[in-house]
Amino acid sequence: MAVRVTLKDVAAAAGVSPATVSLVLNGKPVRISDKRRERILQVASTMHYRPNQSARTLVTRRSNMVGLVVPDIENMFFSSLFKTLEDVAIRDGYSLIVANSDDSREREHALITGVAARGVDGLFLVPALESCADGEALRRDVEECPCPVVFVDRLVDAGYCDGVGVDNAEGGRLAAEALLASLGMDADGKPISRSARTGGAGGVRPGRIGCVCVERPDGLADHRLHGFVEALGRAGVTLDDDCVAMGDYRYSSGYDAADRLLDAGVTAVFCANDLMAMGLRKRVEERGLRVPEDVSIVGYDDILARFGLSNDLTTISQNVDTLATECWAVLKRRFADPHAPLHVGMITPHLVSRSTVRER
């Protein structure tokens, strides 16, 4: 292991004072010749000098580090968000550290306090599902955090914290309209009954619409599902209880949900993320059914291609690049003006049509 080179070591080798070295390396004005300046830079490079970040933080009160707490780092959407945010931060000279809450309020609390104690300049937070259900404890954590916090994706409450989210209700609406089209209906389709069963008249194909979600249809947090249900309602279709399966955003929960939906006669499925859609598709094909000829599937996220996966999934894109860029801009605005009004941004999703939805 190499011995750490200090500012004093560079100063001794260059024959100047540590203060002069510090001024030169930080690009500050100093009364020395250009030749002496070049000599100091050359010595520092030859000795592989690296600034002591802890010492610099004490002086500048900036660590040039920001934190990101996500619910599940194994979820490809959050991995992609981390990578994209890191790229944006690096361009401005910041490092990004990531931590995983496992959607636990208790663990999230420990991470917020722990990451903040490391002296980060700001914190991006995707709230845990447990915090979405009861946000008072989270609000206390945010208000007591010594650095700015920006909510990402899950906007628990826009009243006390900056945030950037995605219009998930719009995303749900887009998913519903794609699946309605797979059954031969448009957004204003004829009322068919009080169930999701359809008849064969008027160009409407037989079938039922279902979903794999993380909340019941009357839940408060899942705006994707709300937008989905409302769009179905406008077309005269209701989402029956046996057409709803619960998941947890993981591949296995999509796979496990498939039998319930297929046994109920569902032929068009909205999954609240791409991982569950992949799992559901796997089980659909294991049962000898074809996608999209027998079962249409719409996912949510549009991140599979980022991981080199063969991606023909029709899905709702959350525009993760735009999300990351806007999150960073919000945090930088807070750095510049700690007393500025709260800012809550909303990214508009869009449908990415590929080949898992049957054409009308």
Side-chain angles (χ1 to χ4, degrees), residues 61-73 77-78 80-101 103 105 108-171 220-224 318-349:
R61 296 189 179 181
R62 287 286 186 189
S63 66
N64 284 84
M65 292 192 302
V66 291
L68 170 65
V69 177
V70 298
D72 180 10
I73 195 61
F77 172 74
F78 295 122
S80 181
L81 176 66
F82 166 59
K83 174 65 168 61
T84 311
L85 262 177
E86 183 180 46
D87 289 344
V88 176
I90 285 174
R91 288 200 292 267
D92 276 347
Y94 282 79
S95 299
L96 184 67
I97 58 175
V98 65
N100 184 71
S101 72
D103 266 325
R105 168 85 276 269
E108 180 180 71
H109 166 74
L111 288 173
I112 291 172
T113 55
V115 171
R118 292 190 177 191
V120 295
D121 297 330
L123 177 65
F124 295 111
L125 174 64
V126 183
L129 285 178
E130 291 181 1
S131 295
C132 295
D134 180 8
E136 285 304 311
L138 174 61
R139 178 169 185 158
R140 287 194 297 271
D141 282 345
V142 170
E143 291 177 341
E144 294 172 2
C145 188
C147 67
V149 177
V150 176
F151 285 155
V152 183
D153 189 38
R154 300 175 182 174
L155 302 182
V156 177
D157 188 329
Y160 65 91
C161 184
D162 292 322
V164 183
V166 176
D167 188 347
N168 286 301
E170 172 67 6
L220 296 177
D222 196 347
H223 294 161
R224 298 175 192 178
Q318 296 204 73
N319 300 311
V320 67
D321 292 330
T322 303
L323 179 64
T325 301
E326 180 63 17
C327 284
W328 185 248
V330 169
L331 186 60
K332 286 181 67 177
R333 282 196 291 267
R334 185 58 59 191
F335 287 161
D337 185 358
H339 304 293
L342 290 177
H343 176 87
V344 178
M346 196 67 71
I347 307 300
T348 301

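Considering only heavy atoms from C-beta on, Phe124 stays 4.5 Å or farther from Leu81 through its side chain.
In plain terms, the two heavy atoms of Val156 and Gly135 that are nearest each other are CG1-CA, 4.4 Å. Closest approach of Arg105 to Ser131, counting heavy atoms only: NE-OG, 2.9 Å. The heavy-atom pair separating Asn168 from Asp153 by the smallest distance is ND2-O, 4.4 Å. Closest non-hydrogen pair, Val164 versus Cys327, comes out as CB-SG, 3.7 Å. Between Leu68 and Leu123, the shortest heavy-atom contact is N-CD1, 4.1 Å. Across all non-hydrogen atoms, the minimal contact from Leu155 to Gly345 is CD1-O, 4.3 Å.
Test Leu342, Asp162, Thr325, Val344 against Val330 for side-chain contact (heavy atoms from CB on, under 4.5 Å) and you get one pass: Asp162.
The OG atom of Ser80 lies 7.0 Å from the CG atom of Asp321; values are rounded to the nearest 0.5 Å. One finds the CZ atom of Arg334 at 8.5 Å from the SG atom of Cys161 (value rounded to the nearest 0.5 Å). Atom CG in Leu323 sits 9.0 Å away from atom OG1 in Thr84 (nearest 0.5 Å). Note that OG1 of Thr113 and CD of Glu108 are 10.5 Å apart. Values are rounded to the nearest 0.5 Å. For the atom pair His339 NE2 and Asp337 CG, the distance stands at 7.0 Å (nearest 0.5 Å). Here the SG-CD distance, from Cys132 to Glu130, works out to 10.0 Å after rounding to the nearest 0.5 Å.
Asp72 places no side-chain N or O within 3.5 Å of a backbone atom of Phe78 that could act as its donor or acceptor partner. Looking at Asn319, its side chain never comes within 3.5 Å of a backbone N or O of Thr322 through a donor-acceptor pair.
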Exercise for the section: Before giving the answer on side chain to side chain contact (heavy atoms under 4.5 Å, CB included), spell out for Arg140 and His109 the whole-Å C-alpha distance, their side-chain angles and the decisive distance to 0.1 Å. Expected result: CA-CA 10 Å; Arg140 287 194 297 271; His109 166 74; over 6 Å; no
Exercise for the section: Begin from the C-alpha positions of Trp328 and Leu96 and carry the test side chain to side chain contact (heavy atoms under 4.5 Å, CB included) through to its verdict. Expected result: CA-CA 11 Å; Trp328 185 248; Leu96 184 67; over 6 Å; no
Handout entry: side chain to side chain contact (heavy atoms under 4.5 Å, CB included) between Val98 and Leu85, worked out
Key = CA-CA 10 Å; Val98 65; Leu85 262 177; over 6 Å; no
